[in-house]
Structure formats: C-alpha cells, structure tokens
Amino acid sequence: MTIDVSLDTVPHWIGGAAMSSAAGPRAKIHDPATGRVIGTVVLGGADAVDDAVMSARTAAAAWGGTPSPARASVLHRFRALLHEQLDDLAWIITAEQGKTLADARGELARAIEAIDVSLSVVQQLKGEYAEQVANGVDTYSFRQPLGVCAGITPFNFPVMVPVSMFAAAIACGNAFVLKPSEQVPSAAVRLAQIATDAGLPNGVLNVVHGGVEAAEALIDHPDVAAVSFVGSTPVARAIYRRSADAGKKVQALGGAKNHMVVLPDADLDAAADALVSAAYGAAGQRCMAVTVAVAVGAAADALVPKIAERANAFKVGPGAALGTDMGPLISATALDRVRSALQRSVEQGGRLVVDGRKLTPPGAGYFIGPSLVDGVRVESDLYRDEVFGPVLSVLRTEDLEQALQIVNDNPYGNGAIIFTGSGAAARRFSREVSAGSVGINVPIPVPISWFGFGGWGDSRFGDDGLNYDAYRFYTRSKVITQRWTDPTPGPSPHFVAAGSQ
Ligand code: NAD
C-alpha cells in the first residue's frame, strides 16, 4: 500500500491560499513506520507570523460582525466536507504520525464531535437579562469575540486538537492562526483548505508552520489576543508565563501521568483489557494514556499476569497495515527516550515483566513493543517522568486510602480511573481524586465534547479548558446597563443602590 501525502513541501496557509517561499528553512517530515523522509515543511519565523496575523486581523473585523447563524452555516458545510474527506485525512494522519488507521478515524470522529459542539456555542453567547433593576433601568450581558486567536498544537492529534480549538474560536466570531506541530504539518493545511472550500472567508483560518521561533512570534504579536496551547508540561508552563506577561488570555494544556487504581473487587479481566488499551493504544502517545496501574491488595498478583498476557498478544506494525494494534513512535528521539527510560527503570529496582525492546521490529521505523514494569517506586524516574510511550508501571498499595494518596501526590492531574465493584469506593474516588477527568470502570475518561476538557495541577495552566468550555475562553462578556425613561431623573452626586434610583 502506498500513501499519497500529495504535498512535497507543506506550505503555510495564509489569507485563503498556500504560501511558501522558494528559499528559507525547511524541516524534514518522516514516516514513523519506515523512518523515510516523505516530505518537507516550511519553517516560518516572525515574518510569516506577521503575514498570517495581519490577514487574520483584517478578516476578524468582518467575521466578528457576521451574524452567528451565518457563521454556523459555514461550519456546517466544513463539517460536511470533512466527512467526505475522512479517508484521505486518516491516511495523512497515519502517514505522518504513525497511529493505526482505526485510531486515526477515531481521532477524526472526535474532531467532528468538537465541530458539533462549536455549532451550539451560538446559544452560549446570548448572555443574561435583568429587567427593572432600578426605575426604568435594565441590565443585560452578551459575549463578544476577542479578535485574533492563536493555537499551538502537539504531534499526537494532528486533527482533533487543532479542530477543537479553531472550530470554537471561529464559531464565536474570531479569526485564528494555527501553528501545528512541525512533525505532522500536512493535516492542518488540508483542514484549512477544506474550510476555505466550505466558504470560510479568506484570513479567518491561517496556518503557519515552524517550531519555537514561530510559536514565540505568535505569542509576542501585539494583535494576537489569546493563546491556546496543547503539548508537554515544560512548554505549557513557559507559554503560559510568556502569554500572561504579554497580558493575553492563555490556556495551556500540558502533559500527564494518568493512574488507574484497581481494587480487588473489580472485574480484573475488564481492568486488564482497559489497561492494555489505555497504556499501549497509539503507542502510549495520548495525553490520556494510562501509564500507572495502582494495584490494591490482592488485585496485584492476579492482575499483572493478565496484563502481561494481553501485552504479549499486542500486534505491533505499521499503522496502515490491517490488524495492527499499535504503530511506531513518532521519531528516533522518542524511541531513544523510551528505551533509556526502560533501562533506568531496571537499574532503579523495577521488574521488567514485558520488555518491549525485545520486539523484532516490523520494519526500519521507530518501533518498540509494549512494556510492563512491576514494583515501580514513586521515587523512580519511570514514575516521575512522562515517558510518552507504551510503558505501563505497576505500583502496589495496601488500600484505597494509600492509592488515593499516591495519585494525589503526583503533580499531574489530567485523568484518573478506578476499577471496582463498589459504588461507595467509586464515589469516594471521584470526589477525592485530584484530576480534571475521572473514569469509573472505563479505560480512558475523555469526556464527550459537550463537557469541558482539561487537567488539574501541572497538566493545565490557565483557566478555561477545551470543547464545551472553549466558548468562554474565545469570548469576553460585556454588561450593558440602560435607562429609557420619560422624564429622566435629575443629577445625583451619590453612588446609590440600584433599586433606590
Ligand atoms: P511539545 O510540547 O514538544 O510541542 C507542542 C507544540 O509546541 C509544537 O507545536 C511545538 O512546535 C511547540 N513547541 C515546542 N517547544 C516549544 C517552545 N519552547 N516554545 C514554544 N513552542 C514550542 O509536545 P509534543 O511532543 O508535540 O506533544 C506531546 C505532549 O503533548 C505530551 O506531553 C502530551 O501529554 C501532551 N498532550 C497533552 C494534551 C492535553 O490535553 N493535556 C493533549 C495532547 C498532548
């Protein structure tokens, strides 16, 4: 099977058209399943960012004044065209990111769900109305767009994360400049092209490629009002600081260390199934991947062999091949990182029950098999670092109390799950655990997009999250107090209670 990535050099998308200069820096794009270079991408700096922001600023003025149902109609057409191109987009995701085609389709389904939610924001903008708050006085509020918003996105969801940002921002009446990950740039340009075909006015959605330089130029640009970021925690923290220093609205979603607590009264086969799906699916490269199983009491001895059996049966191969459960990692650097994390885990006392390094690689790509490390200690590097690969650590505890303590002492707070047959234990866990998304007897608790999404602690800097919460981030509220009376009251020098006027 061959994959047609169609664009040899992936261009920026500015003002409704592809833009790339003949000169200027480029980065190579690799197919993670073969290690081969399959294209290049232009790397923008301050000039490309300025072009994109200027284009967005011009477009924002008209788009913000376009009636909200008309804006929603464009997004409806965008959704329909996206639907027609799902297969193409799935291939593009798999070619550059490496995940299986089934997983790529799952990502696309989530992106479409995010568009559906953005279509409902129209009703969120309508505000509130209080009549007769003083004699002849009414007060009401509504929400207005911010102008130009920027998004900086990670490699692991080349479609879902960008769409969840820009669909909401655009539905709210903003223009958007997206800087996708330079490792997976093609999908973003295809999305912008589809949006233009759907009738989105030129300049409302722009894509600028690049790395740190482009990201920083976007944050620093005086005409960018708000910055959305999804990526690793050190970068999220830096972006949060830089944006806040510049006085901008900022939401910065970071990395994770998601725990699944398994109590002895749980269905242990269901827990083991959930653990391998959540730990090894997408080669562990999901922010909601489970990386730590906290096995309570007698659950541990029964659970570990069940996980090992399933991990050993996982089929590792190219994401485009039929029957593959898990594709490669994104890069050679990621492969080195995971390999050395496993080596250190053994040196620090972990017991390697399944060693993914023993996999015979199904090609020259960045493959490693699933790994399972038992007896991991909270002081170890494997527990403290976000490995972002298919490695599951097992920690053993005596009771739920101790398990909760471990989860809550961890600085990350993206997701946490409990497997149990006890409603009381589940209820206690969901109330006391320190995490933004909580699962009970489910593998990955990413809520449907009609709820907000975002972690706690070091997993999110800033306030509003994505999806349902995004309309708050991409708008600001205005409150109007008006009087229409005849005759008007005379002057008063006093600051008085509303009702007495
Ligand atoms: P990354 O932080 O390396 O890069 C993310 C984006 O930031 C890219 O566009 C990159 O070009 C840019 N960037 C990198 N360094 C930068 C810097 N110093 N200044 C400004 N911009 C910079 O992340 P990644 O490797 O692409 O993605 C994996 C990470 O993303 C993992 O940590 C994962 O947990 C996290 N993630 C989190 C969520 C969530 O919802 N919390 C979702 C997906 C991924």
Side-chain angles (χ1 to χ4, degrees), residues 27 29 32 41 43-45 49 96-99 107 110-111 114 150-165 177-185 187-188 207-221 224 227-243 246 250-258 282-291 329-331 333-335 337-338 366 385-389 411-415 435-437 444-447 449 452-462 464-467 469-470:
I29 308 165
V41 57
L43 293 180
V49 165
E96 293 186 355
Q97 202 277 348
K99 64 177 72 174
E107 168 174 357
R110 280 295 181 132
I152 301 165
T153 53
F155 79 82
N156 63 332
F157 286 108
V159 170
M160 184 187 79
V161 172
V163 168
S164 67
M165 292 177 183
V177 181
L178 168 67
K179 194 216 77 66
S181 165
E182 61 277 36
Q183 297 181 96
V184 292
V207 179
V208 176
H209 299 290
V212 178
E213 194 188 336
E216 292 186 343
L218 256 181
I219 296 167
D220 296 346
H221 199 293
V224 170
V227 178
S228 299
F229 172 83
V230 175
S232 59
T233 287
V235 180
R237 191 182 268 118
I239 283 189
Y240 178 71
R241 285 202 180 115
R242 195 174 183 115
S243 307
V250 51
Q251 52 176 192
L253 278 64
K257 203 80 198 173
N258 304 311
Q285 299 174 122
R286 293 183 185 130
C287 66
M288 289 296 278
V290 169
T291 50
L329 293 171
I330 183 69
S331 64
T333 310
L335 188 56
R337 186 185 63 237
V338 176
Y366 314 126
D385 299 340
E386 186 189 30
V387 176
F388 220 54
Y412 295 103
N414 218 31
S437 300
I444 298 185
V446 177
S449 308
F453 179 72
W456 288 13
D458 284 358
S459 294
R460 172 165 42 149
F461 303 89
D464 300 316
L466 297 173
N467 297 334
D469 285 349

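Remember, it's 1-based here, ligands and their atoms both numbered in the order they're listed. Please read all numbers here as calculations on a predicted model, not as lab measurements.
With respect to atom 7 (O) of ligand 1, the closest heavy atom belonging to the protein is F229 CE1, 3.3 Å. For atom 24 (P) of ligand 1, the nearest protein heavy atom (residue, atom name, distance) is F155 CD2, 3.6 Å. For atom 40 (O) of ligand 1, the closest non-hydrogen atom of the protein is F453 CE2, 3.3 Å. Nearest non-hydrogen protein atom to atom 18 (N) of ligand 1 is V212 CG2, 3.8 Å. Scanning all protein heavy atoms for the shortest distance to atom 12 (C) of ligand 1 gives I152 CG2, 4.0 Å. Considering only non-hydrogen protein atoms, atom 28 (C) of ligand 1 sits nearest to F388 CE2, 3.5 Å.
Closest to atom 44 (C) of ligand 1 by heavy atom, among N156, L218, V235, T233, is N156. Considering each of A214, G231, P154, the one bringing a non-hydrogen atom nearest atom 35 (C) of ligand 1 is G231. Between the choices G455, S232, A236, the shortest heavy-atom distance to atom 3 (O) of ligand 1 belongs to S232.
The shortest heavy-atom contact between C287 and F388 is N-CE1, 4.1 Å.
A heavy-atom distance below 4.5 Å is found between the side chains of I239 and V227.
For the pair E182 and ligand 1, the shortest N or O to N or O distance falls below 3.5 Å. Any N or O atom pair closer than 3.5 Å counts here, and Q183 shares no such pair with ligand 1. Between T153 and ligand 1, an N or O atom pair is found at a separation short of 3.5 Å.
Listed by atom number, the atoms of ligand 1 under 4.0 Å from S181 heavy atoms are 9 (O). Taking every heavy atom of I239 and a limit of under 4.0 angstrom, the matching atoms of ligand 1 come to 20 (C), 21 (N). Taking a cut-off of under 4.0 Å to the non-hydrogen atoms of A215, the atoms of ligand 1 that pass are 20 (C), 21 (N). Counting atoms of ligand 1 from 1 in the listed order, those under 4.0 Å from a heavy atom of C287 are 34 (O), 36 (N), 37 (C), 38 (C), 39 (C), 40 (O), 42 (C), 43 (C), 44 (C).
Between the K99 side chain and the N156 main chain, a donor and an acceptor come within less than 3.5 Å of each other.
For H209, there are no side-chain hydrogen bond (donor to acceptor under 3.5 Å, both in side chains) partners at least two apart in sequence or on another chain.
Other residues, nucleotides and ligands place no more than 12 heavy atoms under 6.0 Å from the CD atom of E213.
The part of E386 lying near ligand 1 is the side chain, judged by heavy-atom distances below 4.0 Å. The residue V161 has no part lying near ligand 1, judged by heavy-atom distances below 4.0 Å.
Taking 4.0 Å as the cut-off, G254 counts as a neighbour of ligand 1 on heavy-atom distance.
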